[in-house]
Enquirer: 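I'd like to ask you about the structure that follows.
Values below: all heavy atoms of this structure, side chains included; hydrogens, waters and symmetry mates excluded. The sequence lines fix the lettering, A, B, ..., with proteins before strands; numbering per chain opens at 1.
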Number of protein chains: 2
Amino acid sequence: MSTDDTNGEAPRRVRIEDVAAQADVSVATVSRALRGLPNVAASTRRRVVDVAEQLGYQPDPAAARLAAGRTNTVIAIVPHLGSWYFSNVVAGIEAVCTQAGYDVLVIGADEPSRVDRLIDERAQLDRRADGVVLVDLPVASELAESLVRRRVAVATVGWRVGDHPAVVLDDPAVGALAAEHLLHFGHRDLGVIGGDLDPIAFEVPERRLRGFREQCQRYGVDVAAERIVGGGFRLDGGYAAMAVLLEHDPPTAVFAMSDEMAFGALMALQERGLTPGVDVSVIGVDDHEFAHVVELTTIRQNVVDNGAAAARALLAAIQDPRTTTGDAEPAEAETPTFSLVARSSTGPLNGHRADRTLSSRLP
Amino acid sequence: MSTDDTNGEAPRRVRIEDVAAQADVSVATVSRALRGLPNVAASTRRRVVDVAEQLGYQPDPAAARLAAGRTNTVIAIVPHLGSWYFSNVVAGIEAVCTQAGYDVLVIGADEPSRVDRLIDERAQLDRRADGVVLVDLPVASELAESLVRRRVAVATVGWRVGDHPAVVLDDPAVGALAAEHLLHFGHRDLGVIGGDLDPIAFEVPERRLRGFREQCQRYGVDVAAERIVGGGFRLDGGYAAMAVLLEHDPPTAVFAMSDEMAFGALMALQERGLTPGVDVSVIGVDDHEFAHVVELTTIRQNVVDNGAAAARALLAAIQDPRTTTGDAEPAEAETPTFSLVARSSTGPLNGHRADRTLSSRLP
DNA sequence: GCGCGGAGTGTAAGCGCTTGCAGTCGCTTC
DNA sequence: GAAGCGACTGCAAGCGCTTACACTCCGCGC
């Protein structure tokens, strides 16, 4: 073997000790200087920082974790990594945490068995992370409790547990806004898509439905139980649900609890030669990227921001010293905003108009 | 303070030492027994495993990492966490790695600056993970090299670096298949959407274009340069590109290099009252969940599998002892498959038919 | 009957940091 | 002018594992 082997010379890592020697101080001082701790003379800190910079020193995370008992890591647990909503939440979490110097571990809780495994104390999430963001996982409230007991900060998105920071859309208000929009157009025969639960238990549908119905009642309108059709939160569910609604005594307007379901609903309409917004109005929630392709009226929320807000609140909780003593103020996270985005998938009752097409208008 | 404080009694963690004491062996034996190392009597192992189980012992990852120099962690670096394609790749990676007992760290390389920061050796990815999956990040080839130099396994998705395991769709063949499909329908005036590069450099477009053109040449068809329009890989890009194509001497069929772009293209068509598959045929790539909503003909690939395959190859490389010695066989990953999914967004040249609608047929 | 080898186990030295505690030193404070 | 006090810094003890090496048996071969 010659020495010019491509794999040779894995550069020896520079340790804190090297920095200490070079800067002519103790390792303790290096550690303090580099982490901005007090009680380091400005001149010393300068020197240490310079040396560290010059040597390209960076502390070994594993050693730091072991010694300090902090991991500088955040875990994001989501029901399904590949879905539009969750991946955007994760994107928000990642952006904030990485920015703050935290590593982000992701866990997909696709199968119930994986949630169980996490709830089992042995998952030892507490040794892996300083904080956990639980996204739409009410089934995991046990998990949350056990984490908190072990001094791991918890923040949630889409549901609440205890008084930990939570980013939760005002779902009843969203439901009400959707209702208001449809009612305002004169619709009185209303349908709802997305009322029931996934294997992964959502609290969201129930809340949106409640707000929707309450608003209807203000107009003296009742939503018949047969007109509330569930089917998960995905496209196929929306398609199937709309098919059911159309089968018998179809409503003139439908509230789909997510854009993905709304897309499925539109599909079912088109298949029958019905024009959204003319024959049947459809309103969704999310303002998914494709909503404006199919001209879907929807209630916009900023999903990435939701994740980011949760992450910020989580980091605040982690860094709040009171957290450790158990009497921390519940660090409340910002409440997400939402707004109606009107497009052509909704329209006035009996609004049949020849010039109306499914065409798009780009922003 | 009474003792029934909710926050009291953080249960003392059980350490390897406790297991050792309880099982009446040394910590070394516990370590060996639990990790399935040889030179442990079957009876001893049993006992140790039982005790560990009973005590709910789980090694502290930080300590294990520090001592062993392995992290049992994999990093997934993707250009954008929120996008459909990448989040599904990540889902595949996560599923495989979690299954194998590895933690998965995600990093979004949205901004070029973040890539730069990673390339800087100081990111110390090597101390954070045993392996890294780089998804569609040719700009990061330096990063890859430096990782390998530091004994971190590397696998890629969508591009190759050195002879490390890579999951790369046969893009020229995909391009050719798309061309074949359109040519077969009699189209000769062809357009291409997606030819150029994102800020994040893709190699993919070029390869698909090459295959597309070669196939065309076999039919004696030439694709005019003006008919090759770029615009990122997202929906808006597709919309804008189609608008350009339609502006002057429109093609009768268009190959969009991703479904998202194809959706944008469809949008541009509808806006002009043109019917996809009748007035202009459009074919995409991916078989995105929504492709069948809009009846988009596409070339399907299984994105989750791509991620999973990369992860499997990465883990194999990590576990292959030869990796450390530098003379490992390049662990080749499986090649992804793809197939044409014909829907109504493509149709024969001059196929104007009154009975043709944009309706959907569910599988 | 003695030496040997291998299986099984224990000892102890780290891995590279963090941090409580104990100085050291130069100034105030009475 | 002695005691006290802060501001800095260093010492050294871990953090909870892994693993090289040493050791103890026990069965076998000659």
Side-chain angles (χ1 to χ4, degrees), chain A residues 10 12-49 51-52 55-73 101 124 126-128 130 150-151 321 324, chain B residues 10 12-49 51-52 55-73 101 122 124 126-128 130 151 321 324:
Chain A
R12 203 179 69 70
R13 291 203 173 87
V14 18
R15 293 160 309 168
I16 195 171
E17 198 177 284
D18 304 320
V19 178
Q22 183 85 12
D24 199 35
V25 290
S26 68
V27 295
T29 299
V30 175
S31 175
R32 287 188 280 249
L34 259 25
R35 287 178 306 137
L37 264 40
N39 285 338
V40 176
S43 60
T44 308
R45 172 162 289 142
R46 254 194 95 74
R47 188 153 33 92
V48 170
V49 169
V51 171
L55 263 43
Y57 169 74
Q58 206 76 15
D60 180 312
R65 280 163 202 181
L66 180 57
R70 286 176 257 98
T71 61
N72 266 264
T73 300
Q124 304 243 250
D126 55 324
R127 304 224 201 166
R128 295 179 142 54
D130 302 331
R150 289 157 169 268
R151 307 269 139 89
T324 331
Chain B
R12 204 180 68 71
R13 291 204 172 87
V14 19
R15 293 161 309 169
I16 194 171
E17 198 177 281
D18 304 319
V19 178
Q22 182 86 12
D24 198 36
V25 291
S26 68
V27 294
T29 299
V30 174
S31 175
R32 286 189 283 247
L34 259 27
R35 287 179 306 136
L37 264 40
N39 284 339
V40 176
S43 59
T44 308
R45 171 162 291 143
R46 254 193 95 74
R47 188 155 34 92
V48 170
V49 169
V51 171
L55 263 44
Y57 169 74
Q58 207 74 17
D60 181 310
R65 278 164 202 179
L66 180 58
R70 285 176 256 98
T71 61
N72 265 266
T73 300
R122 314 221 174 133
Q124 303 243 250
D126 54 325
R127 305 226 198 164
R128 294 181 140 58
D130 301 332
R151 307 269 139 89
T324 332

Enquirer: Taking atom C1' of D:dG14 as reference, at what distance in whole Å does atom CG of A:Leu66 sit?
Expert: 9 Å

Enquirer: Provide the closest heavy-atom pair for B:Leu66 versus A:Ala62 in the form atom of the first, atom of the second, distance.
Expert: N-CB, 4.0 Å

Enquirer: Return the set of residues passing side chain to side chain donor-acceptor pair (under 3.5 Å) with B:Arg70 (not counting sequence neighbours), or none when no residue passes.
Expert: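 B:Arg70 satisfies side chain to side chain donor-acceptor pair (under 3.5 Å) with no other residue.
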
Enquirer: Produce a footprint string for nucleotides 17-23 of chain C: one letter per nucleotide, 5' end first; B if the base is under 4.0 Å from any protein heavy atom, S if only the sugar-phosphate is, - if neither.
Expert: BSBB---

Enquirer: In chain order, what residues pass the side chain to side chain contact (heavy atoms under 4.5 Å, CB included) check against A:Ala20, with sequence neighbours excluded?
Expert: A:Val27, A:Val30

Enquirer: Out of curiosity, B:Arg128 CZ to B:Thr71 OG1, how far, rounded to the nearest 0.5 Å?
Expert: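 Spacing of CZ (B:Arg128) from OG1 (B:Thr71) equals 10.5 Å.
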
Enquirer: Please tabulate, for the side chains in residues 40-47 of chain B, all donor-acceptor contacts under 3.5 angstrom to protein atoms that are two or more places apart in sequence or on a different chain.
Expert:
{"from": "B:Arg45", "atom 1": "NE", "to": "B:Ala33", "atom 2": "O", "distance (Å)": "3.3"}
{"from": "B:Arg45", "atom 1": "NH2", "to": "B:Leu37", "atom 2": "O", "distance (Å)": "2.3"}
{"from": "B:Arg47", "atom 1": "NH1", "to": "B:Ala23", "atom 2": "O", "distance (Å)": "2.4"}

Enquirer: Quick one, B:Leu34 and B:Val49 - any side-chain contact, counting heavy atoms below 4.5 Å?
Expert: yes

Enquirer: Hey, what are the protein-to-nucleotides 26-28 of chain D N/O distances that come in under 3.5 Å?
Expert:
none

Enquirer: To check you understand the geometry: which heavy-atom pair defines the closest contact between B:Tyr57 and B:Val14, and what is its length?
Expert: CD1-O, 3.3 Å

Enquirer: Quick one: bend of the helix from C:dG1-D:dC30 to C:dC30-D:dG1 from 5 pairs per end, to 10°?
Expert: 50°

Enquirer: For A:Asp60, which residues count as a salt bridge (charged side-chain N to carboxylate O under 4.0 Å, His left out) partner, sequence neighbours excluded?
Expert: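 For A:Asp60 the salt bridge (charged side-chain N to carboxylate O under 4.0 Å, His left out) partners, ignoring immediate neighbours, are B:Arg127.
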
Enquirer: So which protein nitrogen or oxygen atoms get under 3.5 Å of nucleotides 4-8 of chain C's nitrogens or oxygens?
Expert:
none

Enquirer: Can you list every pair that meets salt bridge (charged side-chain N to carboxylate O under 4.0 Å, His left out) and has a residue in residues 18-40 of chain A, with sequence neighbours left out?
Expert: A:Arg12-A:Asp18, A:Arg15-A:Asp18

Enquirer: What are the two closest heavy atoms between A:Gly101 and A:Asn72, and how far apart are they?
Expert: O-OD1, 3.8 Å

